[in-house]
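Below, all heavy atoms of this structure are taken into account, side chains as well, without hydrogens, waters or symmetry copies. From a predicted model like this one, the values you see are computed outputs, not experimental measurements. Order of appearance sets the numbers: ligands from 1, and atoms from 1 within every ligand.
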Amino acid sequence: MKVWLDGRLVEKQDAKLTVFDHGTLYGDGVFEGIRIYSGKIFQIQAHIDRFFESAGAIRLKIPYDKRQVRQFLYETVKANDKSDGYIRLVVTRGEGTLGLNPNKCPRPSLFIIVDDIELYPREMYEKGMPVIIAKTVRTSPRMLNPAIKCLNYLNNSLAKIECVDAGVGEAIMLNEHGQICEATGDNVFIVKNGVVITPPSEAGVLRGVTRGVVMKLAGRLGIKAIEMPVGPEELAAADECFLTGTAAEVVPVTKVDGRPVGHGHVGAITKKLIKAFHEFTRSHEAE
Ligand code: PMP
């Protein structure tokens, strides 16, 4: 495996950062997770744009422009000879001193990993996934905006531990107001009376690239798709529920806290959107 690290392609065992990197010491950095489908980098521009936005929001100046990052991504995919897979693009604050001050880190570190990913067991895509509502509340946008895809995932990791302990696939996190926010690494959708609903960015969610694609595909299928706050009671009364994310793709949710969603099996609209999503990933619009 070849890893792109600060301007060079190196072997996996040589892909190392210093322990003085503020990415390690403080989780100071941002990242993207991106899919490769049939040799094309899925929604590459949306991911690069969000990467630069996240970096800008923490005042981290990426030492390359967007066009260069695009080129590095394709270079790494090619070096690993992957036509389907997953890319992790990361920029950290870089090496600094044992104090928080980011200004003492002169040069950010950028690396790109190309690998495979399978987030959930295959059968969950056909039969649906049980989830819990986590006790861990999602970070408030007033504390650390979840729209910034940063290296501080401890909040989500704690919710992930809850769902692993509960023996289910995912944990849906509420925001500080008790509304549905997002899963540990995915956006949440419900379907009620034929309408597809997902919490708005003000609910404190990451504006998922997959979320955006699914909203667009719903529109094309003539299914009304809206952003609206969703309470736990609305999730409990939903006809269907599904999660979206780069690694997750579109995964149906059939149980929340042990209670079935709708009739307890994968809903018709969820099925349509899963099919449309897979077609889209193989279409000329994928990139
Ligand atoms: N929310 C969180 C917290 C995430 O980490 C992710 C990405 N894994 C998503 C939502 C989904 O975003 P995308 O569709 O861009 O992968």
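- Heavy-atom distances between R50 and ligand 1 reach below 4.0 Å in at least one pair.
- In this model, no donor atom of one side chain and acceptor atom of the other lie less than 3.5 Å apart for T246 and R35.
- Remark: side-chain polar atoms of S157 are paired, donor with acceptor, to backbone N or O of Y153 under 3.5 angstrom.
- For Q179 (side chain) and L174 (main-chain N/O), no donor-acceptor pair under 3.5 Å exists by modelled atom type.
- Within a 6.0 Å radius of NZ in K66, more than 12 heavy atoms belonging to other residues, nucleotides or ligands are found.
- Closest protein heavy atom to atom 14 (O) of ligand 1: T210 OG1, 2.5 Å.
- Remark: among candidates V209, L206, N156, T139, the nearest residue to atom 15 (O) of ligand 1 is V209, based on non-hydrogen atoms.
- Ligand 1 lies less than 4.0 angstrom from a heavy atom belonging to T184.
- Close contacts of ligand 1 with G208, meaning ligand atoms under 4.0 Å from a residue heavy atom, involve 12 (O), 13 (P), 14 (O), 15 (O).
- Checked against a 3.5 angstrom limit, the closest N/O atoms of T244 and ligand 1 fall outside it.
- Within the listing of ligand 1, atoms 1 (N), 2 (C), 3 (C), 10 (C) sit less than 4.0 angstrom from a heavy atom of E182.
- Nearest to atom 11 (C) of ligand 1 among the protein's heavy atoms is N187 OD1, 3.6 Å.
- Taking every non-hydrogen atom of K149 and a distance limit under 4.0 Å, the qualifying atoms of ligand 1 come out as 4 (C), 5 (O), 6 (C), 7 (C), 8 (N).
- Counting only heavy atoms from C-beta outward, the side chains of N156 and R138 approach each other to under 4.5 Å.
- Set against the non-hydrogen atoms of G245, the atoms of ligand 1 under 4.0 Å away are 11 (C), 14 (O), 16 (O).
- Scanning the protein for heavy atoms near atom 5 (O) of ligand 1, the closest one is Y153 OH, 2.5 Å.
- G185 O, 2.8 Å is the protein heavy atom nearest to atom 8 (N) of ligand 1.
- Against a heavy-atom cut-off of under 4.0 Å, T246 is close to the following atoms of ligand 1: 13 (P), 14 (O), 15 (O), 16 (O).
- Salt bridge R70/E287: present, at least one basic N to carboxylate O contact under 4.0 Å.
- A cation-pi contact, defined as under 6.0 Å to the ring centre and within 45° of the axis, is absent between R122 and Y120.
- Counting heavy-atom neighbours within 6.0 Å of K127 NZ, excluding the residue itself, gives a total of 12 or less.
- Between the side chains of T244 and D186, no donor-acceptor pair is found at a separation under 3.5 Å.
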